[in-house]
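Read through the structure below, which is laid out as C-alpha cells, and then see the notes.
Note: hydrogens, waters and symmetry copies are ignored here, and every other heavy atom, side chains too, is used. No experiment lies behind these values; they were computed from the predicted model shown.
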Amino acid sequence: MAHPAVALLESALRARKLDQTLTTARLPGKGDGDVAPTTLAGLDAGLEGGLPRGQLSEVVGARSSGRTTLLLQMLAAATCRGEIAALVDTFDQLDVSSGMSAGIALDRLLWVRGHAISRSQAVSLGSRSGPSNPGPEALVDRLIERALKAFHLVLQSGGFGMAALDLADAPLAALNRLPFMTWLRLQRAVEGSETACVLIVPRPLARSAGGVTLSLDGRTQWAGVSERSRRLTGMDVTARVVSPRRRVDGTVTIHATAQGVPMAVIGSAPVARGLGPRV
C-alpha cells in the first residue's frame, strides 16, 4: 500500500493534470498503445510497438553509427502511413537522394533547412572569438538557436506524425552551453500531442519521462582490397533501447545495405532483453 503522503501528492498532481511526471503512471510492461512504428520488426518489438507519441525521444550515436540511416527510415515509415513529417535540418545535411532511396514521400515532408558549415569553419571551431570577431563558435550557437526555435514552432503547430531535430553534427561544447530549460520547453510543447518527437544527438541529452533513448553503434562493411577500390557495401547497426519508465531495456541489430551512395535498411534482428527493467 502506498504511503498516505505519496497518495495525496499523486492525487494533487492528477487534479492539476501534471501526472505525466509520475513514474508510476504506467503499469510495468505496458506500452502507451499510441506509438509511431518504425516498420523494423525487431526494433519495434524492442520499442513495444514504436516510438511513443507525445514524448521526446532521442537517437544517440557517434559518426558512422547509423544515426542518419535510422532517421531516414523513421521518416519514411511516417510518410508512408500518410502522415506529415517534419525535419529541422540544423546544418543542412540531408541528402535528398538518400531520403528517396529510404522511401520518404517528399510531398509529405516539411524540410526546414539550416545553414551548412564549411570544412574550414568546422576545423576552426576551437579558435578564439570575441565581440569584434564572433568566430565559428558563435555561428554554431546561432544556428542551433534558430533550429531550436523552428523545432518549437513545428511542435506547437501540431498535425505532424513525426518531428525530428537533427543535431548530430553539433559540437558537444555547443550543446552543453544550452540551458536545461530548452529541453523542458520542447517536452512541454509535444506533451499530449500525436507527434512522435525525436532528437538526433551525439550523446544523451533530453529524453522525456515517457520517451526512449536509442543508443547506436555501427559497424561498416567494405569491399575492395586497395584504398582506391574500396567502397561501402553496408552497415550493421546495434541499437540499445532504453526507457526506464516504459520498462524497456534491450538491444537489436539493424542491417543496412548500400545502394550506390544511399543506405537502405533491409531488416532487423529480434530484440535481446537485458537482465530486467532499469529504474
> Do S193 and L155 come within less than 4.5 Å of each other through their side chains, counting heavy atoms only?
Replying inline: no
> Do the non-hydrogen side-chain atoms of L167 and L175 ever get within less than 4.5 Å of each other?
Replying inline: yes
> Going hydrophobic residue to hydrophobic residue with side-chain gaps under 4.5 angstrom, can you get from M162 over to L153?
Replying inline: no
>> Do N176 and L178 make a side-chain contact, defined as non-hydrogen atoms from C-beta onward lying under 4.5 Å apart?
In response: no
> Does a donor on one side chain sit under 3.5 Å from an acceptor on the other, for D44 and T38?
Replying inline: yes
> Do E48 and S243 have side-chain heavy atoms sitting under 4.5 Å apart?
Replying inline: no
> Any salt bridge between R53 and E83, counting N to O under 4.0 Å?
Replying inline: yes
>> Would you say that L214 contacts E58 through its side chain, given a criterion of any heavy-atom pair below 4.5 Å between the two side chains?
In response: no
> Run the salt bridge (Lys or Arg N to Asp or Glu O under 4.0 Å) check on R142 and E145 step by step: do they pass?
Replying inline: CA-CA 5 Å; R142 285 201 308 272; E145 182 182 358; over 6 Å; no
> Are any of the side-chain heavy atoms of L143 and V140 separated by less than 4.5 Å?
Replying inline: no
> Between D166 and R67, is there a salt bridge with N-O shorter than 4.0 Å?
Replying inline: no
> Can you tell me how far the CG atom of L165 sits from the CG atom of L199, to the nearest 0.5 Å?
Replying inline: 5.5 Å
>> Keeping Q55 on the side-chain end and G210 on the backbone end, is there a donor-acceptor pair under 3.5 Å?
In response: yes
> Side-chain donor-acceptor pair under 3.5 Å between D236 and Q221, yes or no?
Replying inline: yes
> Are the side chains of C197 and F151 in touch, meaning some heavy atoms are under 4.5 Å apart?
Replying inline: yes
>> Given 3.5 Å as the limit, does a donor-acceptor pair link the side chain of T195 with the main chain of F160, or not?
In response: yes
> Checking side chain to side chain donor-acceptor pair (under 3.5 Å) for the pair T39/Q73: CA distance, chi angles, key distance, verdict?
Replying inline: CA-CA 8 Å; T39 69; Q73 173 66 25; 2.8 Å; yes
> Looking only at atom types and distance, does a side-chain atom of S65 sit under 3.5 Å from a main-chain N or O of A62, one as donor and one as acceptor?
Replying inline: yes
>> Are V96 and L87 linked, directly or through intermediate hydrophobic residues, by side-chain heavy-atom contacts shorter than 4.5 Å (ILVMFWY only)?
In response: yes
> Within a reach of under 6.0 Å around CZ of R219, are more than 12 heavy atoms found that belong to other residues, nucleotides or ligands?
Replying inline: no
> Would L184 and L56 show up in the same hydrophobic cluster when neighbours are defined by side-chain heavy atoms closer than 4.5 Å?
Replying inline: yes
> Are side-chain N/O atoms of T213 and R207 paired as donor and acceptor at under 3.5 Å?
Replying inline: yes
> Applying the side chain to side chain contact (heavy atoms under 4.5 Å, CB included) test to L70, which of V237, I200, L216 qualifies?
Replying inline: L216
>> A cation-pi test, strictly: NZ or CZ of R113 under 6.0 Å from the centre of the six-membered ring of W111 and no more than 45 degrees from its axis. Yes or no?
In response: yes
> What do the steps show when you test D217 against R240 for salt bridge (Lys or Arg N to Asp or Glu O under 4.0 Å), and what is the final call?
Replying inline: CA-CA 9 Å; D217 184 22; R240 180 168 182 80; over 6 Å; no
> How long is the gap from CG on D95 to CD on Q93, to the nearest 0.5 Å?
Replying inline: 10.0 Å
> Can you find a pair of side-chain heavy atoms, one from T251 and one from V241, that are under 4.5 Å apart?
Replying inline: no
> Hey, are R146 and D141 close enough for a salt bridge, meaning a charged N less than 4.0 Å from a carboxylate O?
Replying inline: no
